[in-house]
Structures are given as structure tokens and as C-alpha cells.
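Here the structure is laid out as C-alpha cells; the discussion comes afterwards.
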2 protein chains.
Amino acid sequence: MPAESQTRPPRADAVRNRESLLVAAREAFAEHGMDVSVSEIAQRAGIGKGTVFRHFATKESLTAAIVSGRLDELAVTGRTLLEAADPEAALLEFMTAGVELHVSDRSFCQAATTDVRRDPVVRAAADRLSGVAEALTDRARRKGVIRGDITGQDVIRMLTAACQAAAPDEDVTGAWRRYLHLIFDGLRAEGARPLPPLPPTA
Amino acid sequence: MPAESQTRPPRADAVRNRESLLVAAREAFAEHGMDVSVSEIAQRAGIGKGTVFRHFATKESLTAAIVSGRLDELAVTGRTLLEAADPEAALLEFMTAGVELHVSDRSFCQAATTDVRRDPVVRAAADRLSGVAEALTDRARRKGVIRGDITGQDVIRMLTAACQAAAPDEDVTGAWRRYLHLIFDGLRAEGARPLPPLPPTA
DNA sequence: ACACAAGTTGACCATGCGGTCCGCTTATGC
DNA sequence: GCATAAGCGGACCGCATGGTCAACTTGTGT
């Protein structure tokens, strides 16, 4: 059998542990931000600290895995939204989902300020997401409802902007909807004013 | 002399040291974010670590002092902008100054995500700033150039939003101007759509 | 049933942090 | 000048963290 896999498949309990670890990490990060200790995550997952480092050589790579996972989640919902009938509504819904993600996950807000984004894994996920955003924007733009000088990158940026405005503090009241709408209005074609062009390097 | 100050005035060198400390802290925070060590700041200021803690009992209070200082800077420029002829331009310029502040200071971006904002000193400065923003917004709104349902709080929020969008990474190219304009367009009266109301608690 | 490798674990280590303390220096008032 | 207390500094402490390791457990193929 020439096409045989060289390495044995991972043990069953290892797979289980990995899963609990990922779940625990996702929860812990969401609740307390990216600076929860590895020990705490391990405890939460019901496994030893050593096991964590067996699955992820470093804490950085763990966080990278979680963050990139979140990005991919959003990319997936974005991709399904590409099938939606109304491009404008779809774009708004996409952005809404993005902000919701940020609001429900403290670590995700911090991620924007941190070096995690340098990580190749995260970079890749971000690029995938960018592609989806670009497609969604394209559709809306083609329909003329969105100003012509807006890129997918812009949409992503404005999305993170909206959730920043959403007051990451005790405000669970959903004030972010207000700001998202405000920003979304700025994206609309009607009443648009010319935008300063992006500097050459970008 | 009944109105005499109870405590002796601080020593001259103490004043000097305090000043270097503040300058060093401001620079260090701006460059490396809020997690620079106290020792590093002390070294940078050319004083001992103990001296830092003499002036500020805790690191938290140091950061609070710096952050509130920055907020006050912005409040000052805002106040002078109140005298400007064109309310719209004034508002835009105010927001521009705010974003510029964020972009030039890594710690300031992080501050939005952290607990520093709970600190009473910071709270007070933020309130002062809020007042100025409210006044500036009022003027612009009264002239009808800004949509009617916008508050000063909104302006502040959108300001921090803009600088979040400004890609706090290596991007020194000033792409944030683009996003600020985009957001500012969303604040304009023309083409505005009704905003979802703020939840009751806010 | 067995042997063995894959996997687990928690004690352990090095490091870096915020914060303390006490002996020393120095500005200040007379 | 001198006495005095305000100010200074850096060795030091306790603590938490990311990461390692060697002894032990357990799933798996035969």
C-alpha cells in the first residue's frame, strides 16, 4: 500500500483531550481575555498543564489557534451570506455577526492590539476572511447601494471599528447596534463625499 | 497666618524627578504599550525604581495619571476648537486630533480595553472630555450639518472607533484618515437613516 | 493477554514582575 | 555650616507565569 499514512493516527483519548482543551480555551479567553494562565485553562479542561503543552508547544500557538478559529467562523457565516437575496442586508448582517463575535469574546477585542496577528496561522485565516468580505462588498457595490470607493478591507476595518465603539466595558446592553448602523450609513452611496485615497504603500 | 499650607512644599529635586518620570512614562507607554515594566520606566527616567513608587504608590495609579493626562490634552484642543468659525470643520478637526493621539500612543489604544478606565482619575478626565465633545457636537448639530440624533458620547465613541480601524500595526502610512472620513460621512445629516435607539439603561 | 509506544501528569525551574525597605544622600531653614 | 527630615536607590521579597521533565498510565495492534 504505497499511499499509506506514515504516522499512526493519534490516540482516541488524545483527540478527546485536545477537544476539551480547545473548548476550555475558547471559553476562558472569551470571558477573561487573552491573559488567562495556561494552568487555568488546563484546570478548566480537566487536564494537566503538561498536556496543554503537548498539544500546543507554546501558549502563543494556542491563542493563535483559537483566534484563527474565530476568524474562520466568521468567514463561514460570511460565505453562506453570499447566497442571500439582498446584498445590502447581507453585508449588514455580516458586519453584525462580526461585531457580535467581538462583543461576546474579550480576547478577540484585545487580539486587534496584540502581536497574535503576526502569527502565520492567524494571518492565513485573516486573509480567508478578507476574501469573503471582498466578495460581499463587491456584490453590494455592484448593486449601487454601497459607495464605489469601498473595499473589503474597509469593511473589515469598519467592523472592528464598530465593536471598538461598542464600549467593551460592562455595557452588555447592545449599544453597539447603534454604532454599527451609524457606520453603515457612512458606507452608503447616497450623500457620499470623496474619500482621501489610501497612501501608496497600502 | 491662618491660611498657611500645612505641609512644606516639595523639594526641588523631587519635582524635577517627578517630571522626568512622567515624561519617561509617557514615552515608554506610547512606544511599547501599557505593559512596560516599572523598572524600565525608571531606568529611562534616570531614577531608581523606588523613587517611582514614592511618587505613585502603585503602577496602576501611574498609568492612570498618564492616561488622564492624555485625555486632558485632547480636551484642551477641543476647547480651543470651540472658538473656531466653522463648527463642522471644528468637529472634524477635533476627531482628527483624537485619532492622531491614539495612533501615536500604543498604550492609549490598549487603554480602551483595560480596567484603567475604572480609575476615578481617568473617569474624571473622561467626563471633562465628554463635556467638550458634547459642546462641539451641539454647535455642529445646531448648524444642521450633523444628524440630529448624535450625542457627544457618540462622537467620542466613533473617534475611538476610527483609530481602531486605523490598523494599530505597522501601518504608519496614515490610512486612518480614510476611515475617519468614512465615519464622519456617517455622522452627516444628508442621507441619514433613523438610528436604533439606545437601550434604556444607557 | 501482552508489550510498547503514545500520552498524561504535576512537581519543578527560571524568569520577570510589582512592591517593600532601610541605609544613604541632599535640599532646605536657621 | 549644621541639623534635620524629605527624598533617593537598588538589593530584596513573594508571587505568578510559561515552559520542562521523568515517572507513570493507558490505548492499541498483534
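None of these values were measured; they are calculated from a predicted model. Labels below follow one simple rule: chain letters A, B, ... track the order of the sequence lines, proteins then strands, and each chain is numbered from 1.
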Value in whole Å for how far the C1' atom of C:dT8 lies from CZ of A:R18 | 16 Å
Under 4.0 Å between a Lys/Arg side-chain N and an Asp/Glu carboxylate O for B:D127 and B:R123?
-> no
Mind checking whether A:D154 and A:T151 have side chains closer than 4.5 Å, heavy atoms only?
-> yes
How many angstroms lie between CZ in B:F184 and CG in B:L187, if you round to the nearest 0.5 Å?
-> 6.5 Å
Nearest-angstrom distance from the residue atom CD of B:Q43 to C1' of D:dC8 = 17 Å
Let me know the distance between CD1 of B:I41 and P of D:dG9, rounded to the nearest Å.
-> 15 Å
Candidates C:dA6, D:dA5, C:dG18 - which lies nearest the side chain of A:R11 | C:dA6
Of B:D13 and B:V36, the one whose closest DNA chain C nucleotide lies more 5' | B:V36
When rounded to the nearest 0.5 Å, the distance separating CD1 of A:I66 from CG of A:L71 is 11.5 Å
Whole-Å distance between D:dG18 P and B:D35 CG?
-> 14 Å
Check whether any side-chain nitrogen or oxygen of A:N17 sits under 4.0 Å from OP1 or OP2 of C:dT8, and answer yes or no.
-> yes
Would you find more than 12 non-hydrogen atoms of other residues, nucleotides or ligands less than 6.0 Å from B:E88 atom CD?
-> yes
Name every residue in residues 46-62 of chain B that has at least one heavy atom under 4.0 Å from any atom of DNA chain C, in order of residue number, or write none if there are no such residues.
-> B:K49, B:F53, B:T58, B:K59
d(NE2, B:H32; P, C:dC17) in whole Å = 13 Å
Atom CD of B:E31 with >12 non-hydrogen neighbours under 6.0 angstrom = yes
Separation of A:R16 atom CZ from D:dG27 atom P, in whole Å?
-> 7 Å
Atom CZ of A:R8 and atom C1' of D:dG29: how far apart are they, to the nearest Å?
-> 7 Å
